[in-house]
Amino acid sequence: MSKKVFITGGTTGIGFELAKAYALEGNEVGVCGRDITKLPADYKKSYPTIKAYNVDVTNSEQLINAVNDFAPQGLDLIIANAGIGVGSKKRIPDFAAQRKVFDINVGGVINAFEAAYEKMMNKKSGHLVAIASVAGFVGLPGNGAYSGSKAAVIKLCESMQLDTRGTGLNVTCICPGFIDTPLTQKNDHPMPFLMPSHKGASLIKNAIDNKETLFIFPWQMKIVITLLDKLPRAFYRMIMSFKFANYSKE
Ligand SMILES: NC(=O)c1ccc[n+]([C@@H]2O[C@H](COP(=O)([O-])OP(=O)(O)OC[C@H]3O[C@@H](n4cnc5c(N)ncnc54)[C@H](OP(=O)(O)O)[C@@H]3O)[C@@H](O)[C@H]2O)c1
């Protein structure tokens with residue numbers, strides 16, 4: 001049966017790959033971004049069941065209105081995917097940029113879940129999904145806001161998984177490693193186990209279909225990040241400052 005799926009940040013990268021995958025299965029898909037002209041010009045022709053909304057996820061009213069317009073009768077799945085990075089790694093923090101990262105990466109997930117929650121609770125069925133990151137398991141050098149924002153998303157989902165038990169709702173947290181998208185194309189550092197976006201989206205969709213609670217991928221990155229997470233923090237600090245802290249010294 002056709003599902004109603006809403007994806008924040010569905011205009012490029014992982015979000016758009018997911019939108020295409022759900023549309024190809026015959027589902028109705030709502031996507032949003034701050035600038036929907038980023039979608040391919042012919043997307044309507046190729047994917048007629050995708051409907052796009054100009055929405056900033058930090059504006060909860062805009063997001064609620066878009067979700068209500070897209071799914072007045074009820075929503076099956078929301079994927080809180082919209083997110084940004086901080087750009088190049090810096091020892092001296094750009095506090096304004098850090099605030100923006102938290103507003104979008106954490107506030108945007110809360111706003112997306114809020115836009116879907118009541119609709120799903122009313123029907124006692126629905127699936128809340130957030131795209132976090134492996135970066136949320138450790139404090140990466142020069143990338144504190146991104147790591148911190150994704151850590152917040154991981155724990156938000158962990159709590160919501162407990163809180164929604166027995167309600168008919170499911171919560172899934174996705175933690176990708178490096179996926180080739182406009183976000184990572186700006187990176188000037190090595191990206192081990194980089195994966196094409198269509199392959200990443202296919203693995204994510206599979207985890208969502210299987211209602212996994214926490215999906216960390218690719219498997220090589222899962223091993224690396226689990227080891228780094230479990231290390232005594234003094235060792236972690238030593239490894240990271242010795243080997244990976246290659247940010248500029250300004
Ligand atoms: N690529 C990776 O390696 C990787 C790894 C781990 C986690 N992730 C996470 O995966 C998610 C998708 O990233 P991506 O790599 O696909 O990046 P992307 O290609 O840059 O896509 C980001 C999407 O989010 C939208 N967006 C950003 N800020 C927004 C806002 N305030 N309101 C509404 N939409 C907004 C963007 O559209 P507009 O700019 O037009 O608003 C775009 O559609 C992010 O949460 C990212 O942190 C990515």
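Numbers here simply count residues along the sequence, with the first being 1. In listed order, ligands and their atoms are each counted from 1.
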Original post:
Between N27 and Y22, is there a donor-acceptor pair closer than 3.5 Å when you use the side chain of the first and the backbone of the second?
Top reply: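 Between the backbone of Y22 and the side chain of N27 there is a qualifying donor-acceptor contact (under 3.5 Å).
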Original post:
Are R233 and Y236 in a cation-pi contact, defined as NZ or CZ under 6.0 Å from the six-membered ring centre and within 45° of the axis?
Top reply: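 Positive - R233 is close enough to the ring of Y236 and near enough to its axis.
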Original post:
Among G83, S133, A82, whose heavy atom sits nearest atom 22 (C) of ligand 1?
Top reply: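 Heavy atom nearest to atom 22 (C) of ligand 1 belongs to G83.
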Original post:
Can you tell which of N81, I7, T12, N105 gets a heavy atom nearest to atom 45 (O) of ligand 1?
Top reply: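 Ranked by closest heavy atom to atom 45 (O) of ligand 1, first place is N81.
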Using a 4.0 Å heavy-atom threshold (strictly under), name the region of [X] that reaches ligand 1: side chain, backbone, both or neither.
X: I36; value: neither
X: A132; value: backbone
X: F16; value: neither
X: T184; value: side chain

**OP:** Look at the aromatic rings of Y47 and F16 and report parallel, tilted or perpendicular, splitting at 30° and 60°.
**Re:**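 Because their plane-to-plane angle is over 60°, the rings of Y47 and F16 count as perpendicular.
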Subject >> Contact summary for I104 and G83, nearest pair of heavy atoms >> reply: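 Smallest interatomic distance, heavy atoms only, reads CG2-CA, 4.0 Å.
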Original post:
About how many Å separate NZ of K44 and CG of L39, when rounded to the nearest 0.5 Å?
Top reply: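 It comes to 10.0 Å.
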Original post:
Judging by distance only, is a nitrogen or oxygen of G9 under 3.5 angstrom from one on ligand 1?
Top reply: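 For ligand 1, there is an N or O atom that lies under 3.5 Å from one belonging to G9.
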